[in-house]
Visitor: 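My questions will all concern the structure given below.
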Amino acid sequence: MRCANCGETIAASYCGACGQHRFRPQDRRLMHLLREFAEALTDLDGRFWRSMRALLLRPGLLSRDYIAGRRARWMSPVSLFLLANVLYFFAPGMSDFDLPLRDHVRGAVVAQFDPAIAALPAERRASIEANAGQLHSRFTEPWVRARLAALVREAPEGSAFAALEQRYAIASANVSKALIVLHVPFMAVVLLLAMAGRGRYFAEHVVVALHYFAFVLFLFELVVLPGAWLAERAGADAAAGIALRYLLPAALGVYGVIAVRVAYDCGWWRATLAGLALPIALLAINLTIYRALQFAVVLALA
Ligand SMILES: [Zn+2]
């Protein structure tokens, strides 16, 4: 018998050279294809469910096993991260990752190009004009003004700002979701600094960052968003607000500390430092690099 896949001689059920199961006549049938389909959906070997459980409930275990070379048991960090991203694509957007144009530019620019602002009560108008925008707003303003001026020339009657805002919103949702991967390399650099002198490969920091960020995304998709929806239904918005403000940061911090401690097998003080640095870095990167890059890409496409 020869292996149908690689041509090596086969003695047992599996090919010793490439690992494929010996090709049998029944593998050509529709039944076989249907079984493969069912297996892909339900993941009969349990790897998907096992990995999800470990990611959510056993911080750092997946990273530790990956680093130690125990990899076949688990979904790869990349697959897990991609899965979290795919789910995130279908989930309602998280506002911090997808701000409207109004929050990206200084209030003075909004007031200048949106005639509707003039009609607002003085107090509302003043609070809009006082908005300083984002860290990048100062640097990107000439570009925004050029775009707005072009829209004014096209349609002098309407609100140039409203027109640009609409185009921006359409481009923003998907771009924002596609670009969240940008957080990962920067978090890996933070881990590199926190773990300096321990002789780690950079890829190991990337793996820990990928797992951490996948956890954050799954937490939002599976807990925060459904929880917020339920709270709204039950009229418990205040409780949900408190949970978001205190419980969520606490969960992200505790998870980070345990994940780092388990993944790197380091002492508690270093784990605390690096573990708490993870959510802080995530927020800092979000406010600086991510928002600026995302804004530039979306405005270019809008
Ligand atoms: Zn083979």
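As the structure lists them, so they are numbered: ligands from 1, and atoms in each ligand from 1. Just so it is clear, the values below take in all heavy atoms, side chains as well, and ignore hydrogens, waters and symmetry mates.
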Visitor: Is any side-chain heavy atom of Y255 closer than 4.5 Å to one of L278?
Guide: no
Visitor: For the Zn ion (ligand 1), what is the number of protein N, O or S atoms at a distance under 2.8 Å?
Guide: 4
Visitor: Taking C-beta and beyond as the side chain, do E141 and V109 meet within less than 4.5 Å on heavy atoms?
Guide: yes
Visitor: Regarding R47 and the six-membered ring of W74, is the cationic atom NZ or CZ under 6.0 Å from the ring centre and inside 45° of its axis?
Guide: no
Visitor: Please tabulate, for side-chain N and O atoms in residues 114-125, each donor-acceptor pair with protein atoms closer than 3.5 Å (sequence neighbours left out).
Guide:
{"unit_1": "D114", "atom_1": "OD1", "unit_2": "A116", "atom_2": "N", "d": "3.2"}
{"unit_1": "D114", "atom_1": "OD1", "unit_2": "S159", "atom_2": "OG", "d": "3.1"}
{"unit_1": "D114", "atom_1": "OD2", "unit_2": "R102", "atom_2": "NH2", "d": "3.3"}
{"unit_1": "R125", "atom_1": "NH1", "unit_2": "A118", "atom_2": "O", "d": "3.3"}
{"unit_1": "R125", "atom_1": "NH1", "unit_2": "L120", "atom_2": "O", "d": "3.4"}

Visitor: Between M31 and Q26, is any pair of side-chain heavy atoms under 4.5 Å apart?
Guide: no
Visitor: Minimum heavy-atom separation for L299 to Y168, with atom names?
Guide: N-CE1, 4.1 Å
